[in-house]
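Everything on this sheet refers to the single structure shown next.
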Amino acid sequence: MITAAAHLQLVIDRWTDLTDALTARQQATWPPTMGVQQLVLDDDARAAHTAERLDTAPDAPGTRPVPLDLDIYDTMRQVEAELIHCADVIASQIQRPPMTPGPRGAGWTPAEIARRDQLAAADAADPRRWTWPRLAEDAEDRRRPPGPGRERLARTAIGAAAWLAARVEALPGPFLPLGPARAAQITAVAAAAAERVEAALRIARRAATVDWPCPACRGQLEVHGGDGQPPTVQCADCGRTWRGRETSAA
């Protein structure tokens, strides 16, 4: 069984791939809607068409490449929102409040107060703590790169996944024990997030039969792909395989 930590690590590891896929050409349906013959179209001709469209005026007639893959974009927004919400809920239940500063006028010496203030400041700034949004500042804050005073995990998909993974692995920090119910909650969110990421990137390679006979033996053709790589067509009977314009016999 895949653990919650492994699911969260998958999200972390593949998030850059999702970002790259935002502007990559993706096959939106499976099997490819244009049929088997589409696999052997001249890629150079398609690339030339794209370059020609990019050279023309924005209002010129004709098709134009979409700048972003909206399915990838929606997946990233949904996964990030669910991970951050989960971290918010869990942190509100198990994260210990910061230590209070040294009391004034309670018989403490100046040295004791200074020491307590120092400990309280360090506790409040503990990078293992999860941070809640700071209203309008948060949207801008999360886009700034890490630097002095920004050692805590950001309120992003990667930051939330890393924080949740640390909690299910019971790493030390200013937290109460997670408990089975909250662990199950993180497990469910982590599994759903990993599944959405995998589906968006077409990681799980699939096969589907198509209504097109093998030109060599008239056998059953299958399309293999769906994992982000160009799909291939293979005959289930004779084993002949088509990869773009390259043909090979098994």
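- Note that the CZ atom of Arg14 and the OG1 atom of Thr19 stand 11.5 Å from one another [nearest 0.5 Å].
- Atom CG in Leu201 sits 5.5 Å away from atom CD1 in Ile72 (nearest 0.5 Å).
- Between Leu221 and Trp242, some side-chain heavy-atom pair lies under the 4.5 Å cut-off.
- A salt bridge (Lys or Arg N to Asp or Glu O under 4.0 Å) check over residues 178-189, counting only residues at least two apart or in different chains, returns nothing.
- Between Met99 atom CE and Leu119 atom CG the span is 5.5 Å, to the nearest 0.5 Å.
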What side-chain donor-acceptor pairs closer than 3.5 Å can you find for residues 1-13, not counting sequence neighbours?
from, atom 1, to, atom 2, distance (Å)
Thr3, OG1, Ala6, N, 3.1
Gln9, NE2, Asp13, OD1, 2.8

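- A cation-pi contact, defined as under 6.0 Å to the ring centre and within 45° of the axis, is absent between Arg104 and Trp108.
- Nearest heavy atoms, Leu83 versus Ala157: CD1-O, 3.7 Å.
- Across Leu178 and Ile94, no two heavy atoms sit closer than the pair CD1-CD1, 4.0 Å.
- In this structure the side chain of Ile186 reaches within 4.5 angstrom of the side chain of Ile90, judged on heavy atoms.
- Looking only at distances, no side-chain donor or acceptor of Asp117 sits under 3.5 Å from a matching main-chain atom of Pro101.
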- Query: Does the pair Val233 and Glu222 meet the rule for a side chain to side chain contact (heavy atoms under 4.5 Å, CB included), with working shown?
  - Reply: CA-CA 6 Å; Val233 177; Glu222 296 178 341; over 6 Å; no
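- Taking the side chain to side chain donor-acceptor pair (under 3.5 Å) definition, one finds that Arg96 meets it with Asp123, sequence neighbours left out.
- At a threshold of 4.0 Å, the pair Arg129-Asp126 does not count as salt-bridged, since none of the basic side-chain nitrogens sits closer than that to a carboxylate oxygen.
- Taking the side chain to side chain donor-acceptor pair (under 3.5 Å) definition, one finds that Thr109 meets it with Glu112, sequence neighbours left out.
- Applying the side chain to side chain contact (heavy atoms under 4.5 Å, CB included) criterion to Glu195, with sequence neighbours excluded, gives no partner residue.
- Counting heavy atoms from C-beta on, the side chains of Trp15 and Met76 come closer than 4.5 Å.
- Leu171 and Leu176 are not part of a single hydrophobic cluster, where members link through side-chain heavy atoms under 4.5 Å apart.
- Rounding to the nearest 0.5 Å gives a distance of 7.5 Å between CG of Asp237 and CD of Gln220.
- Using a 4.5 Å cut-off on side-chain heavy atoms (C-beta onward), Pro174 and Arg128 make contact.
- Criterion: ILVMFWY side-chain heavy atoms under 4.5 Å apart, direct or through other members. Under it, Ile84 and Val89 are not part of a common hydrophobic cluster.
- Qualifying side chain to side chain contact (heavy atoms under 4.5 Å, CB included) partners for Arg218, counting only residues two or more places apart in sequence or in other chains: Pro213.
- Phe175 has its ring centre no less than 6.0 Å from the ring centre of Trp130.
- By the 4.5 Å heavy-atom criterion applied to side chains, Gln234 and Arg240 are not counted as neighbours.
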- Task: Might you work through the salt bridge (Lys or Arg N to Asp or Glu O under 4.0 Å) test for Glu80 and Arg155, ending with a clear yes or no?
- Result: CA-CA 9 Å; Glu80 183 171 67; Arg155 289 179 58 82; over 6 Å; no
